[in-house]
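What you see is a predicted model, and the numbers here were worked out from it, not measured in a lab. Lettering follows sequence order; numbering is per chain, from 1.
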Number of protein chains: 2
Amino acid sequence: MDTAERTPADVPGPTTGAAAAAPTGGAARRPRARTRSGARTTASMADVARLAGVSAQTVSRVSNGYAGVNEQTRRQVLAAMKELGYRPNSAARALKRGEFRTIGVITFTLSTTGNVRTLEAIATSAAHEGYAVTLLPVAVPTQAEVRGAFSRLEELAVDAVIVIMEVHLLDAATIHLPPHVQVVVVDSDAGDHYTVVDTDQAGGTRAAVQHLLDLGHRTVWHLGGPEGSFAAQRRTDAWRAALVEAGRAAPPLIRGDWSAESGYRAGLELAAHDDCTAVFAANDQMALGLLRALHERGRRVPEDVSVIGFDDIPEASSFLPPLTTVHQDFAEVGRLCVRAVLRKMRQEGPERGTTLVPTRLVPRASTAPPRQA
Amino acid sequence: MDTAERTPADVPGPTTGAAAAAPTGGAARRPRARTRSGARTTASMADVARLAGVSAQTVSRVSNGYAGVNEQTRRQVLAAMKELGYRPNSAARALKRGEFRTIGVITFTLSTTGNVRTLEAIATSAAHEGYAVTLLPVAVPTQAEVRGAFSRLEELAVDAVIVIMEVHLLDAATIHLPPHVQVVVVDSDAGDHYTVVDTDQAGGTRAAVQHLLDLGHRTVWHLGGPEGSFAAQRRTDAWRAALVEAGRAAPPLIRGDWSAESGYRAGLELAAHDDCTAVFAANDQMALGLLRALHERGRRVPEDVSVIGFDDIPEASSFLPPLTTVHQDFAEVGRLCVRAVLRKMRQEGPERGTTLVPTRLVPRASTAPPRQA
DNA sequence: GCACGCGATGTTTACGCAAACATCAGCCAC
DNA sequence: GTGGCTGATGTTTGCGTAAACATCGCGTGC
């Protein structure tokens, strides 16, 4: 047989011609489409190996930074990689290694500051650990949609999942996660069943209420968040508890939906109550709307009414007046999420439990002692 | 028949399996105990095939919804899948198919409304097309960092990339993308070299300036964004051009950095100019700070000074006073990005060129005719 | 001087899936 | 009835990588 047929580039090894009874791959190992200069296909390890005159395994070793490769060989391989523009194929890697080095993040909306900031921190922390982050948006917060996201997720290339969402939407009975995909939840009180990382809603709320009481206000009104939200629920509960603890009567709860617009509507209502001298809004956006409503109704802040928010969005210091609020450390929440989920993957962490991130009261110009105090 | 469920919620079949004359796999197909950390492995196609009594290929056909599978066989396979909790392995799929069905999004920060809203829209559109979105945050906007993100990207499982960033950070010479990975850029004027989708910055700006001139203002001051930003640059250029077109003198440019705080500082400066009756802020956050500064200095809005913003963030309608601004359709931008990048992947779209998404002026209470007009 | 060990490298195999090809049973046309 | 066709299913193969195992050459201890 004309075993000649050697290409100019030439294959290094003699390639062991014989061995007729090749146990398995005996088939014609066709030399792949010529990857010469006008190459279209991406170079594979085999291509690099050929060019460098070594085996594919050695390329793999270099690629993964193994020790035990001769320095000169290593340099040759690196040169070959560079020449061919070699990049490891992540699909093959993932297949072989059984992991994707990717974390999925399921979130309902990116329109709230908290979710976005948390997501950003997660992405940053994950990148730091060599993980990528894949986003799984859920259009509407219904169980069906969430379930849909999870089932999409099941085909997705992720090793773990972080859910930024009220967990009551996760009907645990109907969601079955792929095996060894770990979950960490933000904004939830499901610490009994999941690993949860969250801002210390209660602590922050207590600080806010206490701040107002300390200023001399008889009681504190509350502009709460929407019903579905656990964060809202906890802030409301903590508000009530703090008042009870202090022996004060809790005024009726007023609800918004997190938006500034809803805060405005609530503010119009509150402005009608002459006895209202202090309001704790469950987030800064609602506080913004509240400020506008009070202004329109001629109630001065903080002289007539003190207002305090929650979140400390960057704009809060530019409100009229600058808003006293409770600062949330979203970056820390994100960091802890990633840490927790990676720990769980390595089976180092606990299966469940809640981690709370402390808050900090940021006093600005929207709170003051009541006039008659 | 004997579909009797043998193992309630157990590992796949007994498997141990006759060392039958397995034609191919010859080797003892060990029951695949723990792969990684002691976890059960997921069931593979082969496991399903065994349980259903068919070949792996048939499982594949069912899994991919091929026609040409007998209904009864199909049902059997589906039942087996369900019993084993089978999920296709996306790494293997990607390896075989040569695509990941994932789009990478590189962005510098998620702290600006525009980026976040665009990202959200991208994620939603992508999901709609069956694509996932992987986030690649870049910590600081330096070329080195961006290059780092791109080289991380090269190992990443993505088929295409959308860059939400000023493209001048992409030093084209040093970034070499993996072959076949298409790029679409947002917020850039690099339409000559890339496919660009962006808001019609110039159109929006012209509308804003014209609105103020139409109200009778002699000229319009401008609170611009930071130097590095193309969006800022274009708004500034368009502002100047619109004034020139109208035969008005352009006041000196004042610069902020997008933040409300910087708007406040600029506002203090502007308040000192008695002849300033109208300001166009390059975004709503800066307009917010501006409003506060003007208020503090006793300049009433809109009676003494008209203020107009850009973006139309949800809070803008709750500013004091509610802000007239230029609405950006981020959702559309995101949608077009995804469409463009998928088109390029399929080689249906053009290699380069810019697509502009129109804006809309939203008149509210922060603009009015000047007093003496 | 010879076996042994060790470092460097090569060879085989399997990961899970799906395209390409192979087989096989029925069924119709002539 | 026989050849050919069709639809359903099985078999082979290989994607690019990395673990496990195999080989090879050289220096060292005794």
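- When the side chain to side chain contact (heavy atoms under 4.5 Å, CB included) test is applied to B:A52, the partners found at least two apart in sequence or on another chain are B:V54, B:V77, B:A80.
- The OH-C1' distance, from A:Y86 to D:dA18, rounds to 10 Å in whole Å.
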Every protein N/O within reach of nucleotides 22-28 of chain C N/O, cut-off under 3.5 Å:
none

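- When the nucleotides C:dC17, C:dG10, C:dA19 are ranked by their closest atom to the side chain of B:Q57, C:dA19 comes out on top.
- In this structure, the CD atom of B:E99 is 12 Å from the P atom of C:dA18, given to the nearest Å.
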Please set out all donor-acceptor pairs under 3.5 angstrom arising from side-chain atoms of residues 118-125 of chain A, sequence neighbours excluded.
{"residue": "A:T118", "atom": "OG1", "partner": "A:G114", "partner atom": "O", "Å": "2.7"}
{"residue": "A:E120", "atom": "OE2", "partner": "B:L110", "partner atom": "N", "Å": "3.0"}
{"residue": "A:T124", "atom": "OG1", "partner": "A:E120", "partner atom": "O", "Å": "2.9"}
{"residue": "A:S125", "atom": "OG", "partner": "A:A121", "partner atom": "O", "Å": "3.1"}

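- Side-chain contact between B:L342 and B:I103: present, with at least one pair of heavy atoms (C-beta onward) separated by less than 4.5 Å.
- Residues passing the side chain to side chain donor-acceptor pair (under 3.5 Å) test with B:S63 are B:R93, sequence neighbours excluded.
- Taking B:A91 as the reference, A:A94, A:L95, A:F100, B:N89 meet the side chain to side chain contact (heavy atoms under 4.5 Å, CB included) condition, with sequence neighbours excluded.
- A search for salt bridge (charged side-chain N to carboxylate O under 4.0 Å, His left out) contacts involving B:R97 returns nothing, not counting sequence neighbours.
- Looking at B:N64, its side chain never comes within 3.5 Å of a backbone N or O of B:Y66 through a donor-acceptor pair.
- Protein atom NZ of B:K96 is 12 Å distant from nucleotide atom P of C:dC17, rounded to whole Å.
- B:M81 places its CE atom 13 Å from the C1' atom of C:dG16, with the value rounded to the nearest Å.
- Note on B:V54: only backbone sugar-phosphate atoms sit closer than 4.0 angstrom, heavy atoms only; bases stay farther off.
- For B:R339, the side chain to side chain contact (heavy atoms under 4.5 Å, CB included) partners are B:L336, B:R343, not counting sequence neighbours.
- At whole-Å resolution of the value, CE in A:M45 and P in D:dA18 are 6 Å apart.
- Residues satisfying the side chain to side chain donor-acceptor pair (under 3.5 Å) criterion with B:K96, sequence neighbours excluded, are absent altogether.
- Between A:R93 and D:dT17 there is no side-chain N or O to OP1 or OP2 distance below 4.0 Å.
- Checked against salt bridge (charged side-chain N to carboxylate O under 4.0 Å, His left out), B:E99 has the following partners two or more places apart in sequence or in another chain: B:R101.
- Between A:N89 atom CG and D:dG16 atom P the separation is 7 Å, expressed in whole Å.
- In terms of heavy-atom proximity, B:V133 sits nearest to B:A126 at CG2-CB, 3.6 Å.
- Helix-axis bend for the helix from C:dG1-D:dC30 to C:dC30-D:dG1: the local axis fitted to the five terminal pairs at one end deviates from that at the other end by 50°, rounded to 10°.
- A heavy atom closer than 4.0 Å to some atom of DNA chain D occurs in A:S60, A:N64, A:Y66, these being the qualifying members of residues 60-76 of chain A.
- For A:T58 and C:dG10, the shortest distance from a side-chain N or O to OP1 or OP2 is below 4.0 Å.
- Closest-nucleotide positions on DNA chain D for B:L95 and B:S55 were compared, and the one nearer the 5' end corresponds to B:S55.
- DNA chain D is contacted by both B:G53 and B:A92; B:G53 maps to the nucleotide lying nearer its 5′ end (nearest heavy atom per residue).
- Take A:Q57 and apply the side chain to side chain contact (heavy atoms under 4.5 Å, CB included) test, not counting sequence neighbours, and it matches A:S55, A:S60, A:R61.
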